[in-house]
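Note sheet for the following structure.
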Amino acid sequence: HEAKKTQQQIVIYFKDLSIRADNLFDMSLLIKQALKNEEFELYLQPIFSSNLNEMHGAEALIRWPQSDGSFISPEVFIKTAEQMGLILNISKWVVLETINHLKSLKALGFIGAIHVNLSTRDLESQDFYELIEQLISVDPTLSDSIIFEITEGAMMTNIEAARTMMYKLNDRGFEFSVDDFGTGFSSLSLLRELPINQIKIDRSFIKDMLTQPADYAIVESTLFLASRLNCKVVAEGIENKALRNTLTAMKCDYLQGYYYSKPIKINDFILKYLN
Ligand code: C2E
Ligand code: MG
Ligand code: MG
Ligand code: MG
């Protein structure tokens, strides 16, 4: 039912977008305008440590609120931003916004890291690297406060660029998480070739693992592989207590999903987790 609801929402997002923008070019103008007018918002979704059962960190997820109170899904506009050469501007905004908020979060006792999603273009960009270098020269603790999430697809699109950028950032102390792990075609070779510290098992393997033996086996094997490679594991899409209990018993390090919380406004995150 939830999936159906989500699908319906996405259809509405598309419809809304097709009213505002009937082609990629119009849409990219709207994205540029949104960046300029500061229409984007950063939400945080907590990531819980399974053994302590407490908030360990959070993922930064971008939101684009519309005047009618609806949101355009990032699934929709991030793709356009990638195609139209705007993703770098969005990623820079996300990084800067994350840093701004980290200051107040840390002052309130937040000690975890915030996960920031990156795209292929970011990995290819000298400009992006220079921004990070500049930011880390101002605050050397930054590499402990931000973890970069990159999907397998984004790594594979330009594996040479990914390798170069990831090793450079890794030299600066940054850690990397493979997002949507298991959904690509090179999951295992990535683990061998890139400086990866963490794996996020995709929700598609988690959601039915209690009833589908194949999904359970994939999750179990991924946990074993990760522990042998000294990688931490986050399970995405924890929607109920049964999944939480099972993955905790399986010694999955970190859990994220609606069971704990949806992505929420930063002020709500503070009220809920840092008071
Ligand atoms: P992702 O990085 O894999 O993020 C996880 C997505 O799963 C988020 O969707 C989150 O709201 C959703 N989610 C979390 N827990 C649950 C759960 O228990 N059940 C279900 N059904 N869903 C859950 P969201 O925020 O719509 O983002 C979708 C995708 O858009 C992200 O997937 C990421 O690829 C991209 N995205 C979002 N924010 C950014 C950003 O700042 N930069 C970049 N480059 N991409 C972003
Ligand atoms: Mg992510
Ligand atoms: Mg993910
Ligand atoms: Mg995803």
Side-chain angles (χ1 to χ4, degrees), residues 1-10 12-13 31 34-35 39-48 57-65 70-99 101 113-125 128 146-155 157 176-184 187 198-209 222 233-244 247 254-266 269:
H1 183 74
E2 188 64 37
K4 226 172 173 181
K5 218 168 100 196
T6 312
Q7 257 169 17
Q8 275 167 5
Q9 279 166 357
I10 289 169
I12 293 164
Y13 292 141
I31 295 174
L35 276 164
E39 290 173 32
F40 293 116
E41 266 184 69
L42 211 57
Y43 275 42
L44 292 177
Q45 185 179 29
I47 296 171
F48 269 64
E59 177 171 8
L61 293 157
I62 195 166
R63 292 291 178 264
W64 190 2
S70 70
F71 289 86
I72 300 177
S73 165
E75 304 269 14
V76 176
F77 71 84
I78 291 288
K79 208 167 251 124
T80 306
E82 282 168 352
Q83 285 166 330
M84 300 302 285
L86 294 170
I87 193 67
L88 190 58
N89 294 326
I90 290 182
S91 298
K92 286 178 172 176
W93 179 83
V94 171
V95 167
L96 291 172
E97 189 74 3
T98 298
I99 290 174
H101 289 295
I114 295 186
H115 293 225
V116 168
N117 292 283
L118 296 184
S119 296
T120 304
R121 299 283 164 243
D122 306 318
L123 301 173
E124 295 170 339
S125 164
F128 182 76
I146 290 183
I147 292 177
F148 292 117
E149 287 192 7
I150 309 172
T151 62
E152 289 178 30
M155 291 178 192
T157 301
F176 294 93
S177 184
V178 190
D179 207 347
D180 304 351
F181 183 82
T183 59
S187 314
Q198 189 181 94
I199 288 169
K200 287 189 90 168
I201 305 179
D202 193 64
R203 190 170 69 86
S204 60
F205 300 109
I206 301 293
K207 68 179 174 30
D208 299 322
M209 65 178 278
T222 303
V233 181
V234 183
E236 296 187 321
I238 302 298
E239 292 191 355
N240 55 58
K241 199 171 189 167
L243 279 173
R244 186 204 75 172
L247 282 147
Y254 307 117
L255 307 174
Q256 178 181 3
Y258 296 171
Y259 171 73
Y260 294 101
S261 168
K262 293 199 168 182
I264 50 181
K265 284 174 187 282
I266 291 176
F269 183 89

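Note that ligands are numbered from 1 as they come in the structure, with each ligand's atoms numbered from 1 the same way. Everything quoted here is computed from the prediction, not taken from an experiment.
Taking a cutoff of 4.0 Å between a charged side-chain nitrogen and a carboxylate oxygen, Glu41 and Lys265 qualify as a salt bridge. Ionic pairing of Glu124 and Arg121 is present here: one or more N-O contacts between side-chain nitrogen and carboxylate oxygen are shorter than 4.0 angstrom.
The distance from the Mg ion (ligand 3) to the nearest N/O/S atom of Glu149 is not under 2.8 Å. The Mg ion (ligand 2) lies under 2.8 Å from an N, O or S atom belonging to Glu59.
Among heteroatoms of the N, O or S kind in Glu236, OE2 lies nearest the Mg ion (ligand 3). Closest to the Mg ion (ligand 3) among the N, O or S atoms of Asp180 is OD1.
Of the polar atoms of Ser91, none of the N or O atoms is found under 3.5 Å from an N or O of ligand 1, judged by distance alone. Residue Ile62 has at least one nitrogen or oxygen atom sitting less than 3.5 Å from a nitrogen or oxygen atom of ligand 1, judged on distance alone. At least one N or O atom of Asn117, backbone or side chain, sits closer than 3.5 Å to an N or O atom of ligand 1. On a distance-only criterion, Ser73 and ligand 1 share no N/O pair closer than 3.5 Å.
Which parts of ligand 1 touch Gly257 is read off a 4.0 Å heavy-atom cut-off, strictly below it: atoms 15 (N), 18 (O). For ligand 1, the atoms lying closer than 4.0 Å to a non-hydrogen atom of Glu239 are 17 (C), 18 (O), 19 (N), 20 (C), 21 (N). Within ligand 1, the atoms closer than 4.0 Å to a non-hydrogen atom of Glu75 are 28 (C), numbered from 1 in the order shown. Within ligand 1, the atoms closer than 4.0 Å to a non-hydrogen atom of Ser119 are 44 (N), numbered from 1 in the order shown. Close contacts of ligand 1 with Pro263, meaning ligand atoms under 4.0 Å from a residue heavy atom, involve 11 (O). Of all atoms in ligand 1, listed by their number and element, those nearer than 4.0 Å to a heavy atom of Gln45 are 14 (C), 15 (N). Remark: ligand 1 atoms within the under-4.0 Å shell around heavy atoms of Gly237 are 17 (C), 18 (O). The ligand atoms of ligand 1 that sit less than 4.0 angstrom from a heavy atom of Asp180 are 3 (O).
The aromatic ring centres of Phe40 and Phe77 sit less than 6.0 Å apart.
Heavy-atom separations between Glu82 and ligand 1 are all 4.0 Å or longer. Within the 4.0 Å heavy-atom shell around ligand 1 one does not find Gln256. Not a single heavy atom of Lys262 sits less than 4.0 Å from an atom of ligand 1. Contact annotation: Arg63 has at least one heavy atom less than 4.0 Å from an atom of ligand 1.
Distance alone, capped at 3.5 Å, places no donor-acceptor pair between the Ser261 side chain and the Gln45 backbone. In terms of modelled atom types and a separation under 3.5 Å, the side chain of Glu152 and the main chain of Gly182 share a donor-acceptor contact.
With the Mg ion (ligand 2) as the vertex, atom OD2 of Asp179 and atom OD1 of Asn117 span an angle of 90° (nearest 10 degrees).
With a 4.5 Å cut-off on side-chain heavy atoms, Leu255 and Ile47 do not count as touching. Considering only heavy atoms from C-beta on, Ile31 stays 4.5 Å or farther from Met84 through its side chain. A 4.5 Å side-chain heavy-atom check between Tyr259 and Leu243 finds every atom pair outside the cut-off.
When all heavy atoms of Phe148 and Phe128 are compared, the closest pair comes out as CE2-CZ, 4.3 Å.
At a 4.0 Å heavy-atom cut-off, ligand 1 touches Asp179 through the side chain alone. Neither the backbone nor the side chain of Ile90 has a heavy atom within less than 4.0 Å of ligand 1. The proximity of Glu236 to ligand 1, defined as any non-hydrogen pair under 4.0 Å, is limited to the side chain.
Distances from atom 41 (O) of ligand 1 to the heavy atoms of Ile47, Thr98, Val94 put Val94 nearest. Counting heavy atoms only, Pro74 comes closest to atom 24 (P) of ligand 1 of the residues Pro74, Ala235, Ser177.
Judged by the 6.0 Å and 45° rule, Arg63 forms a cation-pi pair with Tyr43.
Within the model, atoms CH2 of Trp64 and OG of Ser70 stand 11.0 Å from one another, a figure rounded to the nearest 0.5 Å. To the nearest 0.5 angstrom, Ile266 atom CD1 is 6.5 Å from Ile114 atom CD1. Distance CD/Glu149 to NE2/His115: 6.0 Å, rounded to 0.5 Å.
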- Query: Under the side-chain contact (heavy atoms from CB on, under 4.5 Å) criterion, do Thr120 and Ile87 qualify, and how do the steps go?
  - Reply: CA-CA 9 Å; Thr120 304; Ile87 193 67; over 6 Å; no
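No hydrogens or angles considered: nothing links the side chains of Thr183 and Asp202 as a donor-acceptor pair under 3.5 Å.
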